[in-house]
Trainee: 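Next up is a structure, given as structure tokens.
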Amino acid sequence: MAEKHGFRLPAIRAVIFGTSLAAAAPSAIADNNILTATLSLTGNVNAFAQVFVENVSGNTGFDLTTTQGATLVATVRERSNRRAGYTVTVTSANVTAGRCTDVTRACFYSSAALENLAIDLFKGTTAVSFVVGPTPNWTDATAKTTGLGVSNDVKVAFDGAAASLGNATDYSETLTFTIAAKP
């Protein structure tokens with residue numbers, strides 16, 4: 001063995017084996033340059049039920065002395081991966097607080113003028129009522145959504161021309177959308 005800088009290097013020995021070029025089946029020849037490895041992939045999806053309100057410009061500052069036809073104010077996007085489905089309800093802060101003359105409709109309310117103006121709420125072209133009942137007032141889905149979810153336009157209409165509201169700058173309404181996965 002050779003020694004270099006205090007280390008012993010092993011002697012290199014080569015042994016050459018003769019190979020026969022006789023025809024052998026290609027599958028019988030092992031190629032040590034080909035290796036096999038596997039990759040295992042796993043994943044999971046957490047349960048989700050989500051609702052998003054995407055505002056549209058022009059959804060504030062309404063002139064409440066005019067009549068407003070069904071006007072787009074937002075888009076509500078619902079997502080759920082519950083196979084049994086989900087429900088979405090919408091509530092009105094003013095209906096809940098007893099400030100609306102008509103409890104089936106949202107309303108603009110002014111604490112300064114102590115007056116309200118009924119608002120017709122639409123999911124696309126379908127009118128939405130705030131009557132509490134066994135059926136959700138926005139969505140009653142019996143299956144999961146796609147990964148992107150389902151979007152619906154939120155529109156409002158009102159007749160301020162006929163209302164003759166008092167002078168105030170604080171007329172407002174808050175709508176809350178709530179999603180729940182079905183059991």
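Bear in mind the structure is a predicted one, so any value in this text is a computation, not a measurement.
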Trainee: Quick one: are C107 and V95 in side-chain contact, heavy atoms under 4.5 Å?
Mentor: no
Trainee: Is there a donor-acceptor contact under 3.5 Å linking the side chains of T145 and E78?
Mentor: no
Trainee: Between N137 and F130, is there a side-chain heavy-atom distance shorter than 4.5 Å?
Mentor: yes
Trainee: Check whether W138 and V53 end up in the same hydrophobic cluster, where Ile, Leu, Val, Met, Phe, Trp and Tyr are linked by side-chain heavy atoms less than 4.5 Å apart.
Mentor: yes
Trainee: With side chains defined as the heavy atoms from C-beta onward, is the minimum distance between L121 and V154 less than 4.5 Å?
Mentor: yes
Trainee: Among residues at least two apart in sequence or on other chains, which ones pass side chain to side chain contact (heavy atoms under 4.5 Å, CB included) with A113?
Mentor: S110, E115, A168, Y171
Trainee: Side chain to side chain donor-acceptor pair (under 3.5 Å) with S80: which residues, sequence neighbours excluded?
Mentor: none
Trainee: Run the side chain to side chain donor-acceptor pair (under 3.5 Å) test against K123 and tell me which residues pass, sequence neighbours left out.
Mentor: T139
Trainee: Which residue pairs pass the salt bridge (charged side-chain N to carboxylate O under 4.0 Å, His left out) test when at least one of the two sits in residues 45-61, sequence neighbours left out?
Mentor: E54-R77
Trainee: Determine which pairs satisfy ring pair (Phe, Tyr, Trp, His ring centres under 6.0 Å) with at least one residue from residues 83-105, sequence neighbours left out, and list them in order.
Mentor: none
Trainee: Start with the C-alpha gap between K144 and R83, add the side-chain angles, then the distance that decides, and say whether side-chain contact (heavy atoms from CB on, under 4.5 Å) holds.
Mentor: CA-CA 5 Å; K144 64 183 179 170; R83 289 187 187 280; 3.7 Å; yes
Trainee: If you look at every heavy atom in S111 and D170, which pair is closest and at what distance?
Mentor: OG-OD2, 2.9 Å
Trainee: Which donor-acceptor pairs under 3.5 Å do the side chains of residues 36-50 make with protein atoms, sequence neighbours left out?
Mentor:
residue: Q50; atom: OE1; partner: R79; partner atom: NH1; Å: 2.5

Trainee: For residues 146-169, which residue pairs pass the ring pair (Phe, Tyr, Trp, His ring centres under 6.0 Å) check, not counting sequence neighbours?
Mentor: F62-F158, F108-F158
Trainee: Identify all side-chain donor-acceptor contacts of residues 175-183 below 3.5 Å with residues at least two apart in sequence or on another chain.
Mentor:
residue: K182; atom: NZ; partner: D140; partner atom: OD1; Å: 2.7
residue: K182; atom: NZ; partner: A141; partner atom: O; Å: 3.0

Trainee: Would you tell me whether T75 and N152 have side-chain atoms, one donor and one acceptor, within less than 3.5 Å of each other?
Mentor: no
Trainee: I need the full list of side-chain hydrogen bond (donor to acceptor under 3.5 Å, both in side chains) pairs touching residues 95-106, with sequence neighbours left out, sorted by first then second residue.
Mentor: N94-R99, T101-N116, D102-T104, R105-D120
Trainee: Which pairs, with at least one residue in residues 64-74 and sequence neighbours excluded, count as a side-chain hydrogen bond (donor to acceptor under 3.5 Å, both in side chains)?
Mentor: D63-T65, T67-D159, Q68-T71
Trainee: Answer with yes or no whether the hydrophobic clustering places Y109 together with V156; edges join I, L, V, M, F, W, Y residues whose side-chain heavy atoms lie under 4.5 Å apart.
Mentor: no
Trainee: Considering only Ile, Leu, Val, Met, Phe, Trp and Tyr, and joining two whenever side-chain heavy atoms are under 4.5 Å apart, list the other residues clustered with V56.
Mentor: L72
Trainee: Could you note down all residue pairs passing salt bridge (charged side-chain N to carboxylate O under 4.0 Å, His left out) where residues 32-44 supplies at least one of them, sequence neighbours left out?
Mentor: none
Trainee: Please determine whether residues F52 and V76 belong to a single hydrophobic cluster, defined as Ile, Leu, Val, Met, Phe, Trp and Tyr linked transitively by side-chain heavy-atom distances below 4.5 Å.
Mentor: no
